[in-house]
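Below is one structure, written out as structure tokens, with a few remarks after it.
Labels below follow one simple rule: chain letters A, B, ... track the order of the sequence lines, proteins then strands, and each chain is numbered from 1. Computed over heavy atoms, backbone and side chain alike; hydrogens, waters and symmetry mates excluded. Note that this is a predicted model, so its numbers are computed, not measured.
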Amino acid sequence: MNTIIFRTIAPFLAALAGLFSVFVLLRGHNEPGGGFIGGLIAASALAIYGIAWGVAPVRRAIVVHPITLAGFGVFLASVSGFLSFFAGSAFLRGLWISVPFFGTELDLSSVLLFDIGVYFTVVGTISTIGLTLEEPEVD
Amino acid sequence: MAGPSYSVDLAQAMVVDTYTPLEWLAVAPVALPMAAGALCLMFRSRGDLAARITVLTLGLLVLLNVGLVHTVVQQGTLIMAMGNWLPPFGIVFAIDILGAVLALTTSVVGLIGAIYASGDIDIGRRRFGFYTFYLLLITGVSGAFLTGDIFNLYVWFEVLLIASFGLIILGGERAQLDGAVKYGVLNLLATTLFLVAVGYLYGLVGTLNMADIALAVPQLPAAAPIGVVTALFIVAFSMKAAAFPLNFWLPASYHTPRIVVAAIFAGLLTKVGAYSLMRIVVMLLPETRDLLADVILWVAVLTMLVGAFGALAQGEVRRLLGFVVISGIGNIFVGVAVGSSEALAGSIFYAVHSIIVMFGLYLAAGAVERIAGTSSLHTASGLYRLEPALATLFLVLAFAVSGLPPFSGFWPKVMLVQATIGAGLGWVAAAILVTGFLTTIAMGRVWLLVFWRDAVNGAPLRSQATPDASRASWMVPIALVVVIVAGIGLMPDGLMQASLASAQSLLDPQAYVNSVLGEGGN
């Protein structure tokens, strides 16, 4: 896609969607949202950027191979399950701590860590597929 | 903000539920390889690192699983409710002796396979995630052995299936894709049938927890179509286990992937089907099992004989071993069909033995391929002169798989023959013995042709070119398998008692049910 409008808008759109994906991820515990949908939004941000500017700039922008992100996500999710070992509780038990943060209470939890893992897994997997499809075929 | 005034509210979480580190052993066989598999995916471009992570993880897992077996033997069924969502609503892992022993066997075989893979898997396959798939396969198999939830069992089937798809096509050779299609279609069909059966069962009893199902099934009205559900389960698991007449996919696909992949498939995957048959049909649906016992018995006998005759007819070592796997499945099914605790114990013992021996035989076949450059019985020859040690190890494995003393295959056959004669099924005992005899001939034929025979004209021999380092990479794993096989053969008491205890717990799941639902505070 080579229209100048799209090429100009795409980076801003991608950045906005990336930000929005984090927002959706974080509001996910009590309201609609979460790691899966957040990950999909982030993956579509990368896709928009890729369609406008090609695959190589996207690969440069995320530094590591997207499948590495997916691996990191699964690892994070597994680790979040192990946290409850130290609390003497069951595997994957949700643990919560409240931390004051600029005057408000911030609830951090192993559930959030799991959700971040899901986020990375989804981003990684979908962008791996997306970028591979978008890449020109090499013989 | 004035000082750290926040309170970390962990104390409350700690008093709600208490799990000792020992109980965490229940989840280690699943959680550890999954996390390690994810790490391997992150570092897949550094093949050595992934290999080291895999071997270390599986080594640790073997130790933990020894602890798991010990704990289960000491304390009875071990329960871990995921996220502390209690049964019958949450997903539980419920590990009895059967699950623990099979999980230990899985990790041992997995560790040996990982060692073998270091010399067998090239850099390209490592980059495409061999170790990730491998660890995921171990995760799926362990999960299937440990879970106490029937839908969760289905999920683990999917996990191991996806991992096995990845492993079977890794490399993307033409023959591999051909094998993968046969393997994939049949296994997807089986998994779908399994899911349909789970759905029907859930519709009837309204629960997915195995202990809860065991309680609910006897209270069903007489008109409930539980027989249909049981038949569906039997078909699905027979397909997974490659029992006659649904066995043809196995020899058509297992000769295509890398040898260590074929070995781990042959050892573990069919046994997951056989295990699920025991767990679900024997433990949860005992009355309808009695109804269908004759059918299972015929399936078992035909599977044994078809496997043995098929093995005799093959001209290629790997395909031949595929049929030997099938005849072993027939032996395992005999115990399920007879249904007495002695027969089931024989089946369980046979399953453990078969996992280890088939795995070892495939590794040995891989070594033959490497040295002779072929696994065809027509051209591979004269290996005794080159590799007398390999010839000896192969002979031990051949004895073991045929059920000759003093190796591991002897005892389960004795148990099965005793149990079938005790149940008045002399013809089944005869079939077991005939199968053993035919397997002896088939394996003896391999040994005579490949090792004992003088080198045939033009037999390609690569042994001079094989460097010493790679020789150790296959010799050590095969030797380890042989040590285990001989160890079980010479000291079968422990495994025999564990099998008997497992069989009794399958036939009378009261203790299992109590520990799942009782501790859950119902």
Side-chain angles (χ1 to χ4, degrees), chain A residues 29 59 62-125 127-129 132, chain B residues 1-21 23-46 50 53 79-87 90-93 127-129 131-132 135-136 139 146 520:
Chain A
H29 193 71
R59 288 199 193 279
I62 55 177
V63 185
V64 293
H65 194 281
I67 202 75
T68 307
L69 289 181
F72 177 67
V74 175
F75 183 69
L76 214 58
S78 319
V79 167
S80 79
F82 279 108
L83 287 182
S84 46
F85 178 79
F86 302 103
S89 185
F91 185 63
L92 286 173
R93 179 89 157 103
L95 301 173
W96 293 83
I97 49 172
S98 291
V99 184
F101 182 75
F102 292 114
T104 106
E105 289 276 290
L106 195 62
D107 289 331
L108 297 178
S109 65
S110 63
V111 182
L112 178 65
L113 199 62
F114 185 88
D115 230 10
I116 296 172
V118 173
Y119 176 91
F120 275 109
T121 309
V122 173
V123 178
T125 317
S127 352
T128 305
I129 298 169
T132 312
Chain B
M1 296 286 304
S5 63
Y6 54 84
S7 60
V8 177
D9 200 12
L10 275 181
Q12 216 162 16
M14 281 199 238
V15 292
V16 175
D17 52 326
T18 47
Y19 280 82
T20 60
E23 285 171 306
W24 269 76
L25 288 172
V27 81
V30 170
L32 266 188
M34 191 187 281
L39 272 183
C40 288
L41 189 61
M42 288 163 72
F43 300 115
R44 76 203 167 98
S45 54
R46 295 168 61 187
I53 292 174
I79 306 294
M80 169 71 90
M82 295 299 137
N84 206 34
W85 295 101
L86 299 177
I91 293 170
V92 285
F93 273 23
R127 288 184 71 95
F128 279 103
Y131 286 107
T132 301
L135 285 167
L136 211 57
T139 309
L146 301 184

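Contacts between Thr68(A) and chain B at a heavy-atom distance below 4.5 Å involve backbone atoms as well as side-chain atoms. Both the backbone and the side chain of Ala31(B) have a heavy atom closer than 4.5 Å to some heavy atom of chain A.
Between Leu41(B) and Ile67(A), the closest side-chain pair of non-hydrogen atoms falls below 4.5 Å.
Using modelled atom types, no side-chain atom of Trp24(B) and backbone atom of Ala90(A) make a donor-acceptor pair closer than 3.5 Å.
Note that the CZ atom of Phe91(A) and the CE atom of Met82(B) stand 6.5 Å from one another [nearest 0.5 Å].
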Go through it in stages, so that I can follow the logic: the residues are Met42(B) and Leu69(A), the test is side-chain contact (heavy atoms from CB on, under 4.5 Å), and I'd like the CA-CA distance, side-chain angles, deciding distance and then a yes or no. CA-CA 7 Å; Met42(B) 288 163 72; Leu69(A) 289 181; over 6 Å; no
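Ranked by heavy-atom pairs shorter than 4.5 Å toward chain A, the options Leu32(B), Thr20(B), Leu39(B) are led by Leu39(B). Ranked by non-hydrogen atom pairs under 4.5 Å with chain B, the options Val111(A), Val79(A), Thr121(A), Leu92(A) are led by Leu92(A).
Within a 6.0 Å sphere centred on CZ of Phe128(B), other residues, nucleotides and ligands contribute 12 heavy atoms or fewer.
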